[in-house]
Amino acid sequence: GGGGGGGGEAGDDFITLLQGDICHSGGSGPLLAVDIGGTLAKIAYYAVHQHSKTSYVTREEGVYTGKEEQQESGRLHLAVFENSRLEVCIDLIKQKMPVGDGHTLHATGGGAHKYSELLRSKLGVRLKKVDEIRSIIHGTNFLLKKIPNEAFSFERHGHPQRRYRHFGNGVYPYLLVSVGSGVSLIKVEGDDSFSRIDGTAMGGGTFWGLGSMLTGARTFDDILRLANSGDSKNVDMLVRDIYGDDVPESLQLSGDLLASSFGKTARSVDAARAFSEADIAKSLLHLISNSIAQVACLNARIHGLKRIFFGGFFIRGQPATMATITFACNYWGQGEVEALFLRHEGYLGAIGAFITDSPLSRQHSQQEEDALAKAEEKDERTLRDAGWKENFTHTARGLGKGLQVLELDRSGDQFLPFPHLDAEDYFPDCVDLCKDDAARDYWISCFRDGVGKVEQLAASCGGGSAAAAQRAAAFSRTFLDHLDILHKDPSSYGDLGVRAILEIREQCLREFRFADVYVEIKKKENEVALRSLPALLEELDAMDEAVRHRALVQGILAGNCFDWGAKLAADKLEQGKIVFREERDRLAQKRWIVDDVPKWSDRMSGPPHAKAVIFVDNCGADIVLGIMPFVRELLRRGTKVVLGANSIPVLNDITHKELELLCRHVGRLDSIVAAALDSGQLLPMETGSASPCLDLRWLDPVFCAACEGCDLVVIEGMGRAIHTNLDAKFTCESIKVAMIKNEWLARRLGGSAFDCVFQFHQP
């Protein structure tokens, strides 16, 4: 079956959400693809968008200056509308298409045949019909492999309701239940190995058709809204309605179990009795969902399949639908099968049709290919071919209209887990905001309170023009919409931690063309810190070794105070109340939540490390006066040092391009650093990250190759070492170091604001 849902205004919503001019994704792929079912049409198209990018240019005086440039990037858009609006939407698509002949449109679903002439004549394209089942399978596999938080199980009274599952290449075999107007059951055993094993005519079209006949509602969404407010027990016959409270034990049935859908309507003594339309709709929803789940479970058990993915626009992320299907699968599956759902289940066919003959990722450099080949030869880690990255910016707008919105930015990037990560139980976030209500309330409130400051900074960074102020205001509105959704339904986008909220905020900033709002602050702080570096190094060199070890750690912590992403620190920085030397000296009287400096000092009296990997944090005093003296000490002992910095600007965190420039300036001030840069003993590199937090499962493969064989990993900063990775385990020695610049978080860790964490672990 094809579609199976959608609102009466879906065509209008599609028009407002259609963005960018449609263009080719490269190669001989299609211009766009459509999946036309019995009731809904889904479109996938590729568009080029303008984004701001900051380049860093060296200067005669100072370190560098930031220069904003415009760059183009591709995005895969997906949208949905009712077939009744098809001609209107086709006219709009025509306006967005490039001029010229010879364009190809990939079409799948039953409507690919029914509307083929309309599509050809209106759009002037060559039509290539793509097999429907193959499209659905390719779309499902694409989502499961490319989108980290795509698949989930659902528990109506769970906390959270959705529990996300991550499979990668280990997803096969599985059963896909595609619920459109009708239902297809497909056994999937590999990327291109599948077979349709069963189906049923009772699907989304049945729900819509009977719902229209039995109630006054006419659109799919109207019937769903009725169902969500109804109580099926007023219409359905339960086991207790037959047996009372004395259900025979031999039946092994609960009294609350459904015995007969719509059973009470046939037994009504009062022929004139009116049943609520909402109750009727709810009973109908349960009837269709139970029937689909029963057929699916029986097929899964016959074929020995443990996982069932339910897709198609009938599901629509509706809690009542997913809860009913889950209950039925648990009942009929007897613990042998698991019901799973997809966040973007309605777009399987459209995605699959689009990616047929379409290039998904760029060609990799020889350096990247060598790194990937090395990782694959070891056969120890899963290669993560992202290719596309989900862009959440407009998701809130779509959800506000009751629509699934899926936009994927093209990256073509490859990722690998950190080579010395003990990945068995690794999960980056230390606090699950889906489960911890108090933590979620606190952090969402913090982000709400801080959005005004970010808006002001963005407007100022944009030159203070009226246009920049408008873009900054649009950023604020969009980000606040996301916070509202996440507060009400924390698992709606996937796993939720502080990391996810920060990444959505940065994504929204970039979407409204604010590439690096802290660039001027970073530049000035780097210049100030560099002027203080020679005297600091001279002071450290005069210390005894044991005293110097603690002073170097204190320097990292004092430098970590220069964090514009933490409100307590930012407020002090604005007032000029944070001075590096004063903060370092104050640490002697401060409380340390974790103080493993003595253990670290003992280790430093032993043999040197062969290779250290350091994930760095902020610009200015943090990197220059905190990290670089620590790095210099390791270099002096003969240790090779890999410095890992973000690939893309975020907050006042240093990027790898800035780090490269900064290291050269430090080299002009210190011969040890200069020699290490020249010899390759010191390597500033990009991690592939674009976040103030750190997910060690998704790192640049060239960076990972450089980290092979390290015997020390250092993670610095509150975002990377506390919000994420505090519990991470490694197969080598590790340090997690941060100044806790948040009172709430410090109390959670048993301390107070501006307390310190220096954790040294030896496996």
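Atom set for the values below is all heavy atoms of this structure, side chains included, hydrogens, waters and symmetry mates excluded. Positions are given from 1, in the same order as the sequence printed here.
- In this structure, a donor-acceptor pair under 3.5 Å is absent between the side chains of Y426 and D727.
- When atom types are taken as modelled, the side chain of H420 and the backbone of G709 share a donor-acceptor pair closer than 3.5 angstrom.
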Show your reasoning for whether side chain to side chain contact (heavy atoms under 4.5 Å, CB included) applies to V666 and L530.
CA-CA 7 Å; V666 173; L530 282 168; 3.9 Å; yes
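- D670 places a side-chain N or O within donor-acceptor distance of the main-chain N or O of I672, the cut-off being under 3.5 Å.
- For the pair E511 and T478, the minimum side-chain heavy-atom distance is 4.5 Å or more.
- A distance of 5.5 Å separates CG in L643 from CG in L659, rounded to the nearest 0.5 Å.
- The closest side-chain heavy-atom distance from L651 to R505 is below 4.5 Å.
- D711 places a side-chain N or O within donor-acceptor distance of the main-chain N or O of A610, the cut-off being under 3.5 Å.
- Here the shortest heavy-atom pairing between A551 and M543 reads CB-SD, 3.6 Å.
- Between E539 and R584 a salt bridge is recorded (basic side-chain N to carboxylate O distance below 4.0 Å).
- A salt bridge links K522 with D516: the distance from a Lys NZ or Arg NE/NH1/NH2 to an Asp or Glu carboxylate oxygen falls below 4.0 Å.
- Residue C704 comes nearest to P419 through the heavy atom pair O-CG, 3.6 Å, listed as atom of the first residue, atom of the second, then distance.
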Determine, stepwise, if the pair N149 / H166 fulfils side chain to side chain contact (heavy atoms under 4.5 Å, CB included).
CA-CA 7 Å; N149 287 308; H166 307 276; 3.1 Å; yes
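- Looking at N652, its side chain does come within 3.5 Å of a backbone N or O of F562 through a donor-acceptor pair.
- For the pair K524 and E527, the salt-bridge criterion is not met [side-chain N within less than 4.0 Å of a carboxylate O].
- Ring centroids of F447 and Y442 are separated by 6.0 Å or more, keeping the two rings apart.
- You'll find the side chain of V451 reaches within 4.5 Å of the side chain of F479, heavy atoms only.
- Note: C461 SG to L509 CG = 9.5 Å, rounded to the nearest 0.5 Å.
- For the residue pair C732 and V713, the shortest heavy atom distance occurs at SG-CG1, 4.0 Å.
- Using a 4.5 Å heavy-atom threshold, the side chains of V631 and V673 count as separate.
- G667 and A674 get closest at one heavy-atom pair: O-CB, 3.3 Å.
- V650 approaches P692 most closely through the heavy-atom pair CG2-CD, 3.4 Å.
- Residues L537 and R632 meet the side-chain proximity criterion, which asks for heavy atoms closer than 4.5 Å.
- Checked by atom type and distance alone, the side chain of E583 never pairs as donor or acceptor with a backbone atom of F580 at under 3.5 Å.
- Annotation: cation-pi geometry not satisfied between K736 and F760 (NZ/CZ under 6.0 angstrom from ring centroid, within 45° of ring axis).
- For the atom pair CD (E390) and CD (Q507), the distance works out to 8.0 Å, reported to the nearest 0.5 Å.
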Might you work through the salt bridge (charged side-chain N to carboxylate O under 4.0 Å, His left out) test for E582 and K577, ending with a clear yes or no?
CA-CA 10 Å; E582 292 178 3; K577 292 184 177 179; over 6 Å; no
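- Taking the ring axis of W443 as reference, the NZ or CZ atom of R748 does not stay both within 45° of it and closer than 6.0 Å to the ring centre.
- Judged by a 6.0 Å distance limit and a 45° cone about the ring axis, R697 is not positioned over the six-membered ring of F415.
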Go through R636 and D541 one step at a time and tell me if the salt bridge (charged side-chain N to carboxylate O under 4.0 Å, His left out) criterion holds.
CA-CA 11 Å; R636 193 154 54 178; D541 288 344; 3.1 Å; yes
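- Minimum interatomic distance between G626 and I556 (heavy atoms only, all atoms of both residues): O-CG1, 3.4 Å.
- Between the side chains of K567 and N742, no donor-acceptor pair is found at a separation under 3.5 Å.
- A salt bridge links E743 with R747: at least one charged nitrogen is closer than 4.0 Å to a carboxylate oxygen.
- Separating the CG atom in D622 from the CD atom in E525 is a distance of 9.5 Å, to the nearest 0.5 Å.
- Within a 6.0 Å sphere centred on CD of E538, other residues, nucleotides and ligands contribute 12 heavy atoms or fewer.
- Here the side chain of T724 pairs a donor or acceptor atom with the backbone of R720 at under 3.5 angstrom.
- Of the possible donor and acceptor atoms, none in the side chain of N725 sits under 3.5 Å from a partner among the backbone N and O of P428.
- Aromatic pair Y493/F392: ring centres closer than 6.0 Å.
- A side-chain donor-acceptor contact under 3.5 Å links T639 to the backbone of H609.
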Intermediate values then yes/no, side chain to side chain contact (heavy atoms under 4.5 Å, CB included), F514 and E455
CA-CA 10 Å; F514 297 110; E455 179 182 340; over 6 Å; no
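- F418 pairs in a side-chain contact (heavy atoms from CB on, under 4.5 Å) with only one of the listed residues (D695, L694, L696, T687), which is L696.
- Looking at I654 and V616, their side chains come closer than 4.5 Å, going by heavy atoms from C-beta outward.
- A donor-acceptor contact shorter than 3.5 Å is absent between the side chain of D755 and the backbone of W592.
- The number of heavy-atom neighbours closer than 6.0 Å to CG of D678, taken from other residues, nucleotides and ligands shown, is above 12.
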Could you give me the CA-CA distance, side-chain angles and deciding distance for W564 and L457, then say whether side chain to side chain contact (heavy atoms under 4.5 Å, CB included) is met?
CA-CA 11 Å; W564 287 87; L457 187 62; over 6 Å; no
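- Of the possible donor and acceptor atoms, one in the side chain of R637 sits under 3.5 Å from a partner among the backbone N and O of M604.
- The shortest distance between side-chain heavy atoms of L677 and P684 falls below 4.5 Å.
- Salt bridge status for R499 with D429: present, with a side-chain N to carboxylate O gap under 4.0 Å.
- R550 has a carboxylate O that lies under 4.0 Å from a charged side-chain N of D595, or vice versa, which qualifies the two as a salt bridge.
- For the atom pair NE2 of H549 and CG of L540, the computed distance is 11.0 Å after rounding to the nearest 0.5 Å.
- For the pair K611/L712, no side-chain contact is recorded, criterion being any heavy-atom separation below 4.5 Å from C-beta on.
- Atoms NE2 and SG, from H723 and C430 in turn, are 9.5 Å apart once rounded to the nearest 0.5 Å.
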